[in-house]
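Worksheet: the structure to be examined is printed underneath.
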Amino acid sequence: MTARYRIGHGYDVHRFVEGRPLILGGVEIPFERGLQGHSDADALLHAVCDAMLGALALGDIGRHFPDTDERFRGISSLTLLESANGLIRAKGYAVANVDTVIVLQRPKIGPYVERMRERIARTLDIGIDAVSIKATTSEGMGFTGTGEGLVAHAVVLLERQEDNA
Ligand code: MG
């Protein structure tokens, strides 16, 4: 791959359940329910990983980190993000910027957004100003509106690194 820029899109959904911590963007958010999943179920980081892999047509997160693999049970998705970053860096690319949207009714995530941005930026070894996290509700409609689950979307732009190409 030699294109200067590559773009990728990621999307993930997880169900809210009792008895799990809520982890989004690598940050634990106080809430009465958490997300169900094989790993820590961090839908935001999963969407970012998928967008990074997609940008280089490397398949999806399920192919690289299968939920049938015991190594990934309960794993921090920051570790998955670090691995995805290693894959794209090995191909000569780095994340130029990432923009995300989380769709959920509750809880309010505003107070945690800066910490999420920091954690993602540090893991990807990029500036915090290259990491955008936005949130919206679905106005009470559908499975995000009833609180059955949440959705995360991510778009990632990769730029080829000339020095290690
Ligand atoms: Mg997921």
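Counting starts at 1 for both ligands and their atoms, in listed order.
Under a hydrophobic clustering in which Ile, Leu, Val, Met, Phe, Trp and Tyr are joined whenever their side-chain heavy atoms come within less than 4.5 Å, directly or via other members, Phe31 and Tyr112 fall into the same cluster. When hydrophobic clusters are built by joining Ile, Leu, Val, Met, Phe, Trp and Tyr residues whose side-chain heavy atoms come closer than 4.5 Å, directly or via intermediates, Ile126 is grouped together with Leu45. By the criterion of side-chain heavy atoms lying less than 4.5 angstrom apart, applied directly or through intervening Ile, Leu, Val, Met, Phe, Trp or Tyr residues, Val131 is not grouped with Val155; the two fall into different hydrophobic clusters.
Counting backbone and side-chain atoms alike, Asp12 contributes an N/O/S atom closer than 2.8 Å to the Mg ion (ligand 1).
When the N, O or S atoms of His14 are ranked by distance to the Mg ion (ligand 1), NE2 comes first. Looking only at N/O/S atoms, His46 comes nearest to the Mg ion (ligand 1) through ND1.
The pair Asp129-Arg117 does not count as a salt bridge, with every side-chain nitrogen at least 4.0 angstrom from each carboxylate oxygen.
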